[in-house]
Colleague: 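Got a structure here, written out as structure tokens. Questions coming.
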Amino acid sequence: MALTTGHSASLDFAPPEPVDLSSGKYVKLWQGPQHPGITGNMSLELTLDGDTIIECKTHVGYLHRGFEKLMEQRSFIQNFTVVCRIAVPEPAFNEYLYAAAIEAISGVESPARAQWLRALNLEMMRLASFLMWIGGQGGAFGQYTVANWTLTYRDYVLDLFEEMTGARIYHMYMVPGGVRAGLPAGFEQRILELMDNTDKLLDQIERVMYNNVVFKARAKGLGIIHPELVDPYGVVGPNARASGFRRDLRKDAPYLVYDQLDFDVISGTAGDAYERAWLRLQETRQSVKLIRQIIAGAPSDGPFQADMPNLLHWKVPAGETYVKAECTRGEYGYYMVTDGTEIVRRVHVRGPSYTHAIALMERLAVGTNIADIAGLMVSLHTYPPEIER
Amino acid sequence: MSELLDRLVRDFAVTDITERRPAITTLQVSKANGERLIRELRDREGFTHLNFIACTDWIEDGIFRLVYMLHNYATGQTIGVHIDIDRDNAEMTSIHTLWAQAWTYQRELREMYGINFPGSPRLEENFCLEGWDAMPPMRRDFDTAKYSAERFGHREGRVTLEPRDHMKVQLYPNRGGDK
């Protein structure tokens, strides 16, 4: 089993020359779009020399639904049904950023209580997404028991989302000017109980998965992101932090109530799949702590919506903005252009997977053993829908 | 930041400098100076992070407005570089040698808007759309409903409603949907 990717850190962005398949020395293999070891409907076109990958091309488009085009044909409020579907495991970041972009252009400020509730919603989303990711990474290396545990706990978080917003996946909870509702009675107690149990689960996962000799042997040295690659390849979030970059938008450009919360940016050094996995486990624990802090600090009464005009006929002033937030994979952003009508002129969704799954993936895959490609894909934590929009 | 902007005005003839939000500024530069300005910002001014490249179709003015969003991690500043290009002869200098993900954006812009980036790798490869033979779909004059009707035909029992008109009828049925 190849344990290292073996490529150098030289910066040549040009795609390699295509290999001569007619020589009979190589095998072309498709990983995906329907394969249990991939991260959604995306495929990798792999060229193999023996069992070593010598060329990789990422293909997307299997989930393209033209969201950005759809948004140019609907009113601002109607687009909430569209934006949440752009990143299936993390719809809340899309809701928040879309609302934040409208607010930034309109000069609307949401009340303090709404900001705490939004932060709570986003941290719950982070927790649910990381739990799903840990299961995926375990599954990619044959540890399906861990996946069963984490998906069960993700479902517990979805139960709480259902209480809080009325929906499990696509919440449409954050709207311009605030949120749609406060917390239901007894919610704080139930979420704190779940956080206590989640802490115990994460301890078990650390023992079972992270100390497992097979997981260590396969993940250590796999898909190393050298620090020299980080900026030229647009690497962000845990993928960059595991390579030694202490960058986190919650600290570097605080939004909502993150400047009132006590937390540190976690970083690593090795930059391989194991380091990324370890870092995400620590960030999952951090998310649990942040949820406790938010529950303790959030005002229990007060308005959760700013005074807004009738949103069904709302004309947003002409303008342009870019808003961003730290999702589980790094910088997630919404670039919005408005022209003073009741329809948005342009929305561009900037997801971290755009570069992680294409330029970076195509580079890291070269030299990797075919058996490790699923583990490498999951370790970059990519979501195809946010690439295609 | 103001010192930098003054220098950009002097050396690159940038115009329309606008602070959109704290630490986020947009500016306009000509197509001829665009690539040189972006390279300068990356190599000398610390804007090493390419957030994204996007395009807005201002069909009424006959232009595509490209925006290159660049971020400086050290100062926390973000600059959106606007470059207007002719919509009928849509072409821009490639920046694929500056960032690894740039050619992916350029491939997408080629497919979705029909913008050419000479020299950009794999420009003709499909990004999302396989076998697309119509107008680039993100252009404002691409009519999604018309394309759908022509391509997929009518299915018995299928009703297509224009979302905004339908919503108004639902909300104000007694006024014929007139708000």
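What's counted below: heavy atoms across the whole structure, side chains too, no hydrogens, waters or symmetry copies. Protein chains get the first letters and strands the later ones, always in sequence-line order, with residue 1 at the start of each. None of the values given here were measured: they were computed from a predicted structure.
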Colleague: Are A:Tyr322 and B:Phe52 an aromatic pair, judged by ring center distance below 6.0 Å?
Modeller: yes
Colleague: Say you draw a straight line from CZ of B:Arg107 to CD1 of A:Ile358; how long is it, rounded to the nearest 0.5 Å?
Modeller: 6.0 Å
Colleague: Counting only heavy atoms closer than 4.5 Å, note whether B:Met69 contacts chain A via side chain, backbone, both or neither.
Modeller: side chain
Colleague: Using non-hydrogen atoms only, which part of B:Pro22 is less than 4.5 Å away from chain A: side chain, backbone, both, or neither?
Modeller: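 Interface part for B:Pro22: neither.
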Colleague: Heavy-atom distance under 4.5 Å to chain B: side chain of A:Ala104, backbone, both or neither?
Modeller: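 Contact with chain B is through the side chain of A:Ala104 alone.
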Colleague: What do you reckon, is CD of A:Glu109 surrounded by more than 12 foreign heavy atoms closer than 6.0 Å?
Modeller: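 No, the 6.0 Å shell around CD holds no more than 12 heavy atoms from other groups.
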Colleague: Does the pair A:Arg345 and B:Glu60 meet the rule for a salt bridge (charged side-chain N to carboxylate O under 4.0 Å, His left out), with working shown?
Modeller: CA-CA 12 Å; A:Arg345 183 76 189 207; B:Glu60 57 271 44; 2.8 Å; yes
Colleague: Where does B:Thr97 contact chain A at under 4.5 Å (heavy atoms): side chain, backbone, both or neither?
Modeller: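 B:Thr97 touches chain A through backbone heavy atoms alone.
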Colleague: If you tally heavy-atom pairs under 4.5 Å against chain B, which of A:Arg74, A:Arg247, A:Glu68, A:His348 wins?
Modeller: A:Arg247
Colleague: Select one option (side chain, backbone, both, neither) describing which atoms of B:Ile24 are under 4.5 Å from chain A's heavy atoms.
Modeller: side chain
Colleague: Taking the side chain from A:Arg346 and the backbone from B:Cys55, do they hold a donor-acceptor pair closer than 3.5 Å?
Modeller: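 Such a contact is found between A:Arg346 side chain and B:Cys55 backbone.
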Colleague: For the atom pair CE (B:Met138) and CD (A:Glu72), what is the distance rounded to the nearest 0.5 Å?
Modeller: 4.5 Å
Colleague: Of the backbone (N, CA, C, O) and the side chain (C-beta and beyond), which part of A:Val230 lies under 4.5 Å from a heavy atom of chain B, both, or neither?
Modeller: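 Nothing of A:Val230, per the 4.5 Å heavy-atom cut-off to chain B.
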Colleague: Among A:Ile343, A:Leu70, A:Val337, A:Thr58, which residue has the highest count of heavy-atom pairs closer than 4.5 Å to chain B?
Modeller: A:Ile343
Colleague: Under 4.5 Å, heavy atom to heavy atom: which of residues 3-19 of chain B reach chain A? Give them by number, or say none.
Modeller: none
Colleague: About how many Å separate OG1 of B:Thr144 and NZ of A:Lys69, when rounded to the nearest 0.5 Å?
Modeller: 6.5 Å
Colleague: If you count heavy-atom pairs within less than 4.5 Å of chain A, which of B:His71, B:Arg42, B:His49 leads?
Modeller: B:His49
Colleague: Residue by residue, scan residues 124-133 of chain B and write down, ordered by number, those that have a heavy-atom distance under 4.5 Å to chain A; if none do, write 'none'.
Modeller: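 Only B:Glu125, B:Phe127, B:Cys128, B:Leu129 of residues 124-133 of chain B have a heavy atom under 4.5 Å from chain A.
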Colleague: Mind running salt bridge (charged side-chain N to carboxylate O under 4.0 Å, His left out) on B:Glu108 and A:Arg389 for me, showing each step along the way?
Modeller: CA-CA 11 Å; B:Glu108 184 185 2; A:Arg389 293 114 50 218; 2.8 Å; yes
Colleague: If you count heavy-atom pairs under 4.5 Å with chain A, which of B:Thr78, B:Leu98, B:Thr26 comes out on top?
Modeller: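 So the answer, after comparing B:Thr78, B:Leu98, B:Thr26, is B:Leu98.
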Colleague: How far does CH2 of B:Trp99 sit from CG of A:Asp231, to the nearest 0.5 angstrom?
Modeller: 9.5 Å
Colleague: Please report the C-alpha distance between B:Arg21 and A:Val323 in whole Å, then the side-chain angles of each, then the deciding distance to 0.1 Å, and finally whether the side chain to side chain contact (heavy atoms under 4.5 Å, CB included) criterion is met.
Modeller: CA-CA 9 Å; B:Arg21 297 178 60 216; A:Val323 290; 3.3 Å; yes
Colleague: Compare every heavy atom of A:Ala359 with every heavy atom of B:Ala100, then report the nearest pair and how far apart it is.
Modeller: O-CB, 3.7 Å
Colleague: Report which part of B:Tyr105 has an atom under 4.5 Å of a heavy atom belonging to chain A: side chain, backbone, both, or neither.
Modeller: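 When you check distances to chain A, atoms from both the backbone and side chain of B:Tyr105 fall under 4.5 Å.
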Colleague: Once you round to the nearest 0.5 Å, how far does CZ of B:Arg20 lie from OG1 of A:Thr321?
Modeller: 8.5 Å
Colleague: To the nearest 0.5 Å, tell me how far B:Asn51 CG sits from A:Thr355 OG1.
Modeller: 12.0 Å
Colleague: Name the option with the most non-hydrogen atom pairs under 4.5 Å to chain B; the candidates are A:Gln78, A:Gln73, A:His64.
Modeller: A:Gln78
Colleague: Hey, is A:Glu320 close enough to B:Arg65 for a salt bridge, meaning N to O under 4.0 Å?
Modeller: no
